Amino acid sequence: MSSDPTQPTPEWWQQPQPQRDQGYPANQGQPANQGQPANQGQPANQGYPGTPGYQEYQGNQGNQGNQASQETQRFEVNQGYPAARGYQGPPPARVRRRRRKWPLITLIVIILVLVVGDRVANAYTENQMASQVQSSLDLSGKPQVTIQGFPFLTQLAARDFRTVDVTASNETAGPGGQLEIASLKATLHGMHIHGLNSATIDQFNASALVTFTALGKVGGIPQGITLSADGPNQVKANISIGPLSETAVAQVTQSGAGQINVKIIDAGDIPTSLLGSLTNFSFSIPKLPAGVSIQNVSVTQQGVLITASGHNTTLSQ
């Protein structure tokens with residue numbers, strides 16, 4: 001460029017313009033990322049094709065390619081994230097196993113076995129006691145024995161029974177079954193077993209009912225005479241024999257340890273010969289356990305009721 005003052009000064013637009021980055025025209029020789037095209041060597045998502053959300057950076061000019069490359073180098077596509085490493089989602093929730101109910105079922109089975117065993121032992125013992133009562137009272141049939149209280153096995157282990165009930169109905173007792181008993185009831189409180197054939201009882205209470213029909217049979221009363229109640233300890237005899245229709249009165253009392261006496265106390269105009277054995281007869285009740293005695297003999301609408309009781313009595317076979 002000349003500095004001659006004689007030459008006219010050219011206009012500004014005619015003046016030569018300074019060259020931009022002389023030797024380095026705009027990316028001369030180095031087009032956008034020349035030698036390093038966008039992600040050259042590291043194409044967009046190379047090795048991670050089809051990764052959503054990341055597009056190829058090809059064609060970016062200037063340093064955008066380098067910047068994309070740096071961003072790619074700094075944060076590889078989904079680096080470390082499960083979706084890019086074969087992650088298949090959260091692990092399945094662990095299924096909680098139900099607790100086994102074996103202990104509860106075992107406990108229930110044990111309780112059932114104990115209850116069944118208790119009832120079986122109870123029934124067996126009741127049957128054995130019924131046989132002993134039948135033998136000792138000389139009954140025609142086996143009475144019903146009920147051992148009160150639960151559990152039974154604890155009583156059996158202690159050989160002590162709190163309460164034992166004995167009932168029988170329409171049985172005969174005594175030698176040859178001479179006495180018919182309409183009902184027999186006995187309650188034994190505090191029964192203590194000693195050995196195999198002996199027991200003591202704290203309290204023994206019993207009652208037996210002999211109907212008027214049974215009383216006539218045991219006394220051998222002639223036909224045509226019927227008995228009925230006539231007060232707390234008296235029996236009325238209605239006599240209807242042939243043309244005779246009269247009434248007599250007999251008294252019922254205890255005459256011995258196990259004896260009941262029936263005796264006419266008012267025959268009116270009836271000849272005693274027509275009354276037969278009703279004039280005066282006695283009958284025996286079954287043998288009572290040692291320590292048990294008759295407490296009362298009374299006449300009810302159903303027949304003669306005999307009650308007996310005893311304390312600290314002894315039963316033996």
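Owing to the predicted nature of the structure, the values given are computational and were not obtained by experimental measurement.
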Give a yes or no on this: more than 12 heavy atoms of other residues, nucleotides or ligands lie within 6.0 Å of atom OH of Tyr124. no
Answer yes or no: is there a side-chain heavy-atom contact under 4.5 Å between Leu184 and Leu137? yes
Out of curiosity, Gln144 CD to Lys185 NZ, how far, rounded to the nearest 0.5 Å? 13.5 Å
Work out which heavy atom in Arg162 is nearest to a heavy atom in Gly149; give both atom names and the distance. NH2-CA, 3.4 Å
Strictly distance-based, threshold 3.5 Å: is any side-chain N or O of Asp266 a donor or acceptor partner for the main-chain N or O of Gly268? yes
Would you compute the distance between atom CG of Leu278 and atom NZ of Lys263 and round it to the nearest 0.5 angstrom? 12.5 Å
Does anything in residues 195-252 pair up under ring-ring contact (aromatic ring centres under 6.0 Å, His included), and if so which pairs, sequence neighbours excluded? none
Ignoring hydrogens and geometry beyond distance, is a side-chain donor-acceptor pair present between Gln155 and Asp160 at under 3.5 Å? no
Asn312: what forms a side chain to side chain donor-acceptor pair (under 3.5 Å) with it, not counting sequence neighbours? none
Taking distance alone, no hydrogens or angles, what donor-acceptor pairs closer than 3.5 Å link side-chain atoms of residues 111-119 to residues at least two apart or in another chain?
| from | atom 1 | to | atom 2 | distance (Å) |
| --- | --- | --- | --- | --- |
| Asp118 | OD1 | Phe152 | N | 3.2 |
| Asp118 | OD2 | Phe152 | N | 2.6 |
| Asp118 | OD2 | Leu153 | N | 2.9 |

Taking all non-hydrogen atoms of both residues, which atom of Met191 and which atom of Ala199 are closest, and how far apart? CE-CB, 4.0 Å
Ala248: partners by side-chain contact (heavy atoms from CB on, under 4.5 Å), with sequence neighbours left out: Ala237, Ile239, Ile264, Ile270
Side-chain donor/acceptor of Thr154 to backbone N/O of Pro151, under 3.5 Å: yes
Applying side chain to side chain donor-acceptor pair (under 3.5 Å), can you list everything that pairs with Glu171, at least two apart in sequence or on another chain? Ser140
Apply side chain to side chain donor-acceptor pair (under 3.5 Å) to Thr125 and list each qualifying residue two or more places apart in sequence or on a separate chain. none
Using side-chain heavy atoms (C-beta onward) and a distance below 4.5 Å, is Val164 in contact with Thr146? no
Do Val210 and Leu179 touch side chain to side chain, with heavy atoms closer than 4.5 Å? yes
Apply the hydrophobic cluster definition, ILVMFWY joined by side-chain contacts under 4.5 Å directly or through others, and give me every member besides Val249. Ile265
Beyond-backbone contact of Ile294 with Ile306, side-chain heavy atoms, under 4.5 angstrom: yes
How close do Thr300 and Ala229 get, counting heavy atoms only, and between which atoms? O-CB, 3.4 Å
For the hydrophobic clusters of this structure (ILVMFWY residues joined by side-chain heavy atoms under 4.5 Å, transitively), does one cluster hold both Leu305 and Val292? no
By the side chain to side chain donor-acceptor pair (under 3.5 Å) test, which pairs, at least two apart or in different chains, include something from residues 231-254? none
Suppose the criterion is side chain to side chain donor-acceptor pair (under 3.5 Å): which pairs have a residue in residues 202-212, not counting sequence neighbours? His192-Asp202, Gln203-Asn205, Gln203-His311
Pairs where residues 273-299 contributes a residue and the test side chain to side chain donor-acceptor pair (under 3.5 Å) is met, not counting sequence neighbours: Gln259-Ser284, Asn261-Asn280, Asn261-Ser282, Ser293-Gln295
Can you confirm whether Ile201 sits close enough to His189 that some side-chain heavy atom of one is under 4.5 Å from a side-chain heavy atom of the other? no
Over all heavy atoms of both residues, which pair between Leu288 and Ala308 is shortest? Give the atoms and the distance, please. CD1-CB, 4.1 Å
Joint cluster assignment, Leu215 & Leu209, ILVMFWY side-chain distance < 4.5 Å: no
If the condition is salt bridge (charged side-chain N to carboxylate O under 4.0 Å, His left out), which residues does Lys217 pass it with, not counting sequence neighbours? Glu180
Same apolar cluster (I L V M F W Y, side chains within < 4.5 Å links), Val252/Phe281: yes
Straight-line distance of Leu188 CG to Ile147 CD1, nearest 0.5 Å: 10.5 Å
Are the side chains of Asn122 and Phe150 in contact, using a 4.5 Å heavy-atom criterion? no
